[in-house]
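Everything on this sheet refers to the single structure shown next.
Predicted model only: the values in this text are computed from it and were never measured. Residue numbers begin at 1 in each chain, while the letters A, B, ... track the order of the sequences.
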Amino acid sequence: MSAIALIDANHFYVACERVFDPHLERRPVVVLSNNDGCVVARSPEAKALGIPIGAPWFRCRELARRHGVVARSSNYALYGDLSARLMAVLGQFSPRQEVYSIDECFLDLAGMDHDPTAYGQAMRQRVHQWLGLPVCVGIGPTKTLAKLANRLAKQEPDWDGVCALGAPALADPLARLDVATVWGIGPRWAARLRALGIETARDLRAADPKTLRRRFGVTMERIVWELRGVAGLELAEMAPPQHQIIASRSFGRPVSDLTELQSAMAQHVARAAEKLRRQRSHARLVQAFVGLDRFPSPAPTAGLLRLPAPTGDTARLTAAAGRLVAALYRPGAAYRRAGVMLLELTPVARAQETLWEPADDDRTAARLAVLDRINARWGRGTLRLAREGFAQPWAMRQDCRSPAYTTRWADLPVARAG
DNA sequence: TCTGGGGTCCTAGGACCC
DNA sequence: TCTGGGGTCCTAGGACCC
């Protein structure tokens, strides 16, 4: 009998902020996206005030001020570090784990004879005790059902954060869930399903898979089978390498100067190249893009450059992106964002075997390894190309960021006795 | 003044080939 | 009057996820 658990943290970013700042407990708290643009996480208290997720911050500001809402800028150094610890703790509960996002993972519980609900409670308690993070646990025979169970665990306060489908709690819990809450059903599909009279997760489970396949495609059919307990989605323990790597940011203020645009682009390339090397890939195709306005976002103008050989070298990638930026740049234009995409990625191992497309030579590879080690040890950007610059007047706004409590010595919290 | 930043998969249609 | 049948590759667009 297959059993899969989906564990995720409640309002994860807010919870991370609260771990190191207990004053935030029981207060309405929101965390903002990059550039302090939108609300991306809310505490239950902030949710109760009616602050929508994804709402532009400048529109909620007045409401937030009246109710004493605390706003924090995104602190990904902190969230990333706590995420790694969360996954390590949860990984103790099963030999097979799929890390699905920064705050959730699947665990394979097949063949375990624990009582599922009690096991889920044990996970919750250990995470709470060791990390101070609140999590919910959903358990079901397929990933889609585990996701739904997790949803129910959040929705029904009496269940204490754990829901195992199949337990004799309710006749048919799927009837309580709107079809839009099913994993893989977005707003478009939900509207089309409702037009067909399919309103709840139970309705969708009862629908004819072949008919839905004809109307929506194979993805929808798979969802119906998953709801019936027939697995169509495997647990992916090893994340396959990405097919494309993007790094982009909005600027804190408009940028009109080519040198500034170049230095921003160089920084994006440095981040993208770091990711590229971490997954042991090389890139052959570089796309650089610049955007004139954030909203309503017009298609950014972009340029493509195919390199003579795949590379993982920040310097070569930066030179390529720099040439593209120079070609895209129009004097007098006010740019709001810039970014880079690395495409046609190939594993490093294979690149080395291809004689007529020489990969980075050994000296380059060694130099890049040192670069990555230094930056991992001392912080991103410690060692960088001069083109990235130092002043960075275009940097994104982060007016209320908490310290990097767990990843920077200087930010270590201090406890005082008495 | 003020609206994020990543990713994936599927499908349809066109170009091109034999 | 008549207008094949497959196959592959690529691209754009749509839908979804966090």
Handout entry: Sugar-phosphate, base or nothing in reach of Pro187(A), heavy atoms under 4.0 Å
Key = sugar-phosphate
For [X] and [N], give me the distance from atom [atom1] to atom [atom2], rounded to whole Å.
{"X": "Met341(A)", "N": "dG7(B)", "atom1": "CE", "atom2": "C1'", "result": "10 Å"}
{"X": "Arg337(A)", "N": "dG5(B)", "atom1": "CZ", "atom2": "P", "result": "6 Å"}
{"X": "Gln244(A)", "N": "dG5(B)", "atom1": "CD", "atom2": "P", "result": "16 Å"}
{"X": "Phe289(A)", "N": "dG5(B)", "atom1": "CZ", "atom2": "P", "result": "9 Å"}
{"X": "Tyr100(A)", "N": "dC16(C)", "atom1": "OH", "atom2": "C1'", "result": "9 Å"}

Problem - Any donor-acceptor N/O pair under 3.5 Å between dT1(B) base and Arg253(A) side chain - result: no
Completion exercise
Taking for Phe216(A) and for Lys275(A) the nucleotide of DNA chain B with the nearest heavy atom, the one nearer the 5' end belongs to Lys275(A)
Handout entry: Pair assignment for dC18(B), Watson-Crick or G-U wobble, requiring both distances under 3.5 Å
Key = dG5(C)
Handout entry: Side-chain ion pair, Arg316(A) and Asp313(A), N-O less than 4.0 Å
Key = no
Exercise for the section: Please work out whether the ring planes of Tyr100(A) and Phe106(A) are parallel, tilted or perpendicular, with thresholds of 30° and 60°. Expected result: perpendicular
Problem - Trp130(A) six-ring face occupied by Arg126(A) cation (under 6.0 Å, within 45°) - result: yes
Problem - P-based separation of dC18(C) from dT3(B) [nearest Å] - result: 25 Å
Practice task
Step by step, work out the salt bridge (charged side-chain N to carboxylate O under 4.0 Å, His left out) result for Glu274(A) and Arg271(A).
Solution key: CA-CA 5 Å; Glu274(A) 207 179 290; Arg271(A) 270 193 301 130; over 6 Å; no
